Participant: 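Dumping the structure here so I can ask a few things about it.
Small disclaimer: the values here were computed from a predicted structure and weren't measured.
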Amino acid sequence: MADDNRPTPLHPRVQAKPKSKISASRKLSLKMLLLQRAMEELEQETVSRDEEKVKYLSEKLPPLQITGLSMDELQKLCRQLNAKIEVVDEERYDFEAKVNKNNRDIHELKLKVQDLGGKFKKPALRKVRVSADEMMRALLGSKHKGSMDLRANLKSVKKEDIKQEKVMSSEVGDWRKNVEAMSGMEGRKKMFDAAGGGQ
């Protein structure tokens, strides 16, 4: 019967997540180990790349021996180096074109994935008539007390009040005359007498 005191989920399909069997300190230590391992692998990768670069350059570009060469031999060496530079430039251009093409393909595939993931059938929505009380109850739940009957809160106006307002507005007439009559000491005395102060 102790299970009856548990709060019920908001939706029948929503269920409480099972608690993790790994403690927080254990998770933290695992994360730290993974980060250390990743850092070590990254360092190894950079070292291996540097070694490959040095190896490739030593194969493609042997050290130059220009001491003791005649002018004809130096010109011949320059032509050979120039030919090698042209070959390397062609290869670089080809690789750049391949990389650009692959980047475009990747971009197009990403767009296709987004399009496929974004297409879903929108459900047909129905018009639902909900009163203000039901809306507030749905939004606030048990906190909503009081009625939202807006017509009950409106001020009722009687016909007699309307007639009195018309009579008062006709008495006021031209406001300039009223201001002139009330100006000075005589006007203040009239206002004082009208308010019932002179009794």
Side-chain angles (χ1 to χ4, degrees), residues 1-128 130 134-144:
M1 289 291 171
D3 293 339
D4 294 338
N5 294 336
R6 282 190 294 164
T8 58
L10 297 174
H11 195 273
R13 291 183 188 169
V14 176
Q15 301 201 359
K17 290 182 180 178
K19 288 193 176 182
S20 178
K21 295 179 182 178
I22 302 173
S23 65
S25 61
R26 178 77 176 141
K27 281 184 184 177
L28 185 62
S29 64
L30 289 173
K31 283 182 182 179
M32 294 299 290
L33 287 173
L34 285 172
L35 285 173
Q36 279 182 332
R37 182 74 185 261
M39 290 294 288
E40 291 171 0
E41 288 180 2
L42 190 62
E43 289 174 4
Q44 288 176 356
E45 190 176 321
T46 55
V47 168
S48 65
R49 277 185 188 171
D50 291 342
E51 289 174 356
E52 285 179 17
K53 185 177 180 181
V54 168
K55 183 180 176 184
Y56 179 81
L57 287 175
S58 65
E59 287 175 3
K60 293 286 183 178
L61 187 63
L64 291 175
Q65 298 286 334
I66 55 173
T67 55
L69 294 177
S70 67
M71 186 62 106
D72 292 336
E73 292 173 342
L74 284 174
Q75 287 177 350
K76 186 178 177 184
L77 181 64
C78 287
R79 287 189 196 108
Q80 288 175 356
L81 290 176
N82 194 15
K84 286 182 179 179
I85 288 172
E86 288 178 3
V87 170
V88 169
D89 275 344
E90 288 176 7
E91 289 178 1
R92 182 181 56 83
Y93 179 78
D94 291 343
F95 285 133
E96 282 180 358
K98 285 180 184 177
V99 167
N100 289 335
K101 182 180 179 294
N102 288 340
N103 286 339
R104 280 195 304 272
D105 291 344
I106 288 170
H107 182 68
E108 289 174 6
L109 290 173
K110 280 184 182 177
L111 290 177
K112 284 183 182 178
V113 167
Q114 286 177 352
D115 287 344
L116 292 174
K119 289 182 181 176
F120 60 94
K121 194 172 185 180
K122 292 183 181 178
L125 301 177
R126 297 178 293 143
K127 287 187 178 179
V128 179
V130 180
E134 291 172 354
M135 182 93 62
M136 293 303 287
R137 210 172 291 122
L139 290 173
L140 301 176
S142 61
K143 294 179 184 176
H144 177 64

Participant: Is Leu33 atom CG crowded by more than 12 heavy atoms from other residues, nucleotides or ligands, each under 6.0 Å away?
Facilitator: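 Yes, enclosed.
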Participant: Check whether any side-chain heavy atom of Leu111 lies under 4.5 Å from a side-chain heavy atom of Gln114, and answer yes or no.
Facilitator: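 Counting from C-beta outward, Leu111 and Gln114 do come under 4.5 Å.
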Participant: I need the Met32 CE to Leu34 CG distance, nearest 0.5 Å.
Facilitator: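 CG of Leu34 is found 10.5 Å from CE of Met32.
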Participant: Working to the nearest 0.5 angstrom, can you tell me the gap between Lys76 NZ and Ser70 OG?
Facilitator: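 Reported to 0.5 Å precision, the distance equals 10.0 Å.
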Participant: Mind checking side chain to side chain donor-acceptor pair (under 3.5 Å) for Lys101 and listing every partner two or more places apart, or none if nothing turns up?
Facilitator: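 So Lys101 forms a side chain to side chain donor-acceptor pair (under 3.5 Å) with Asp105.
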Participant: Output the distance between atom CD1 (Ile66) and atom CG (Leu77), rounded to the nearest 0.5 Å.
Facilitator: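 With rounding to 0.5 Å, CD1 (Ile66) is 8.0 Å from CG (Leu77).
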Participant: What I want to find out is whether Glu41 reaches Arg37 closely enough, with some N-O distance under 4.0 Å, to be called a salt bridge.
Facilitator: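 Looking at Glu41 and Arg37, the cut-off is met.
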Participant: Please name all residues satisfying side-chain contact (heavy atoms from CB on, under 4.5 Å) with Asp89, sequence neighbours left out, ordered by chain then number.
Facilitator: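 For Asp89, the residues satisfying side-chain contact (heavy atoms from CB on, under 4.5 Å) (neighbours in sequence not counted) are Ile85, Arg92.
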Participant: Has the side chain of Asn82 got a donor or acceptor atom that lies under 3.5 Å from a matching backbone atom of Cys78?
Facilitator: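 A pair under 3.5 Å: no.
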Participant: Apply side chain to side chain contact (heavy atoms under 4.5 Å, CB included) to residues Glu51 and Val54 and explain how you reach the verdict.
Facilitator: CA-CA 5 Å; Glu51 289 174 356; Val54 168; 5.9 Å; no
Participant: First locate atom CG of Leu109, then atom CG of Asn102, and finally report the distance between them rounded to the nearest 0.5 Å.
Facilitator: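 These two atoms lie 10.5 Å from each other.
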